[in-house]
Protein chains: 2
Amino acid sequence: MTTELRADARRNLERVLDAATEAFAASGPDASIDDIARLAGVGHGTVCRRFPTKDDLIYAVIERHVAQMQAMAEEALESEDAGEAFFDFARQVAELSMSTPGLHRCVVHCGSKPGAAELDRLVAKIVSRAQAAGAVRADVQPVDVQLLVRSALTSAPAGQWRRYLDVVLDGLEFRP
Amino acid sequence: MTTELRADARRNLERVLDAATEAFAASGPDASIDDIARLAGVGHGTVCRRFPTKDDLIYAVIERHVAQMQAMAEEALESEDAGEAFFDFARQVAELSMSTPGLHRCVVHCGSKPGAAELDRLVAKIVSRAQAAGAVRADVQPVDVQLLVRSALTSAPAGQWRRYLDVVLDGLEFRP
DNA sequence: CCTGAAACGGACTGATGAGTCCGCTTACGT
DNA sequence: ACGTAAGCGGACTCATCAGTCCGTTTCAGG
């Protein structure tokens, strides 16, 4: 079987993923492969063999994050109150993202990779629904909402992001 | 006189500044010194001699920009209506910044260099005044306002920044 | 065991970009 | 015109980092 990994290979793979998670959480996508390899206690050749590209590694690390966000999005779409669903969703995602700012920067770095496309689709739905319900201003596109929220989170000094998010979300509210 | 430049030196200096302005406007602070030197038609040693550090060069290029912003700030401080002054000032600065997005990114890159400190002080005054007048929400600091506006401008896709700014400024308005 | 395939790791390549150095050129005062 | 100091430019150093290659080690099945 080509899909089976030797025991030591599997062990190293886990070490690499753990190390990468730690390194990316600490330094964002700028963490170097060498640092990660060192942290994992393996040669960097080993890292590059499993993940032909650095982005592959980043994506492997944030996959779980993205899946969580997707779950949140699906839940939001089931809520009755479209407006409340949107604002709650935004705060939930922010809370998750900012629990590890480095990983958030990795998500931003990846932009819309395969797999994130589905998430984008869901977000777009949440936003449109909230706009249709008159809870969110109509002169923005779903992608604008994503970018605005993202940039507020990214630009906020450590620990201050909640206030920044408040400003942007208030700005997104529909006002007669 | 040590402060006098030889004619050719002055000519080259101007060429370098022009080239740097063009390159930074096109590519932001990532424009390489080599590119700038090539564009100016000089060796890159010449660039590095005049500007020991790349940041020195960047700062020389944005100096005029910063000065213009400072003038706008001073004017804003003379206005009667503190709230209107703030919002107008924000839009003026945005208009200036985004007329050359690459330079805007340079300004962001420089953060608060010597010289920009004075501008920061003026901005802080404008914001506090608007807050005291009840036009701007009180739960943000002047620096937060700067970062929020900056990030909205930076994250907006080409040509879309006005809408992004609208959202943030609306979010900054005081609401009873 | 013992052997072949899988996995390892680090030396190597190649790209990039900032800043230094020094032999050559050129401006400009006399 | 000529000598000298200012100025030039590009080759060089140094650092960083992603990705490749191959000789060596280790696993695991027979």
Side-chain angles (χ1 to χ4, degrees), chain A residues 1-62 102 105-106 108-111 113, chain B residues 1-62 102 105-106 108-111 113:
Chain A
M1 285 246 172
T2 59
T3 50
E4 294 293 346
L5 282 180
R6 234 167 62 177
D8 55 342
R10 167 151 298 287
R11 213 169 36 236
N12 279 336
L13 178 57
E14 259 157 40
R15 277 196 207 156
V16 167
L17 277 175
D18 286 351
T21 303
E22 185 178 332
F24 287 139
S27 320
D30 294 338
S32 78
I33 288 187
D34 294 80
D35 286 344
I36 291 166
R38 212 171 305 123
L39 198 58
V42 304
H44 89 216
T46 300
V47 177
C48 289
R49 199 169 338 104
R50 290 296 162 216
F51 304 95
T53 269
K54 190 182 176 181
D55 282 357
D56 293 334
L57 177 55
I58 295 179
Y59 198 69
V61 165
I62 64 173
R105 284 171 53 203
C106 289
V108 172
H109 168 93
C110 279
K113 271 273 170 76
Chain B
M1 283 246 173
T2 59
T3 50
E4 294 294 345
L5 283 179
R6 232 166 63 175
D8 55 343
R10 166 152 301 286
R11 214 170 34 238
N12 280 336
L13 178 56
E14 259 156 42
R15 276 195 207 157
V16 167
L17 277 175
D18 286 351
T21 303
E22 186 178 333
F24 286 140
S27 320
D30 292 340
S32 77
I33 289 186
D34 294 80
D35 286 344
I36 291 167
R38 211 171 306 125
L39 198 58
V42 304
H44 88 218
T46 301
V47 178
C48 289
R49 198 171 339 103
R50 288 296 162 217
F51 304 95
T53 269
K54 190 181 175 182
D55 281 358
D56 292 335
L57 176 55
I58 294 179
Y59 199 68
V61 165
I62 64 173
R105 285 171 52 204
C106 289
V108 171
H109 169 92
C110 280
K113 270 272 171 78

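Not measured: the values here are computed from a predicted model.
Between B/Thr53 and the phosphate of C/dA18, there is no side-chain N or O to OP1/OP2 separation shorter than 4.0 Å. Phosphate contact (OP1/OP2 of D/dC8, side-chain N/O of B/Asn12, threshold under 4.0 Å): present.
A donor atom on one side chain and an acceptor atom on the other are found under 3.5 Å apart for A/Ser32 and A/Asp35.
Rounded to whole angstrom, the span from the CZ atom of A/Arg10 across to the C1' atom of D/dC27 amounts to 15 Å. Atom CD in A/Glu4 sits roughly 18 Å away from atom P in C/dA5 (whole-Å rounding). Between A/Lys54 atom NZ and D/dA18 atom P there is a gap of 4 Å when expressed in whole angstrom units. Spacing between atom NE2 of A/His109 and atom C1' of D/dA18 amounts to 12 Å, rounded to whole angstrom units. Here D/dG9 presents its P atom at 13 Å from CG of B/Leu13, a figure rounded to the nearest Å. Atom CG of A/Asp55 is separated from atom C1' of D/dG19 by 13 Å (rounded to the nearest Å). Whole-Å rounding puts the B/Ile58 CD1 to C/dG17 C1' distance at 13 Å.
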> In the 5'-to-3' direction, what one-character label does each nucleotide of nucleotides 20-30 of chain C receive under the scheme B = base within less than 4.0 Å of a protein heavy atom, S = sugar-phosphate only, - = no such atom?
Replying inline: B-----BSS--
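Using a 4.5 Å heavy-atom threshold, the side chains of B/Arg50 and B/Val16 count as separate. Residues A/Cys110 and A/Ile62 form a side-chain contact, since some pair of their non-hydrogen atoms from C-beta on lies under 4.5 Å apart.
The minimum heavy-atom distance linking B/Leu57 with B/Ala20 is given by the pair CD1-CB, 3.8 Å. The shortest heavy-atom contact between A/Pro29 and A/Gly102 is CD-O, 4.3 Å. Of all non-hydrogen atoms in B/Leu17 and B/Ala60, the two that sit nearest each other are CD2-CB, 4.0 Å.
The stretch residues 27-36 of chain B has no heavy atom under 4.0 Å from DNA chain D, so no residue of it qualifies as close.
The salt bridge (Lys or Arg N to Asp or Glu O under 4.0 Å) check on B/Asp34 picks up nothing, with sequence neighbours excluded.
Between A/Ile58 atom CD1 and A/Arg105 atom CZ the span is 10.5 Å, to the nearest 0.5 Å.
Here the side chain of A/Asp30 pairs no donor or acceptor atom with the backbone of A/Ser27 at under 3.5 angstrom.
Contacts of B/Arg38 with the nucleic acid, taken as non-hydrogen atoms under 4.0 Å apart, are absent.
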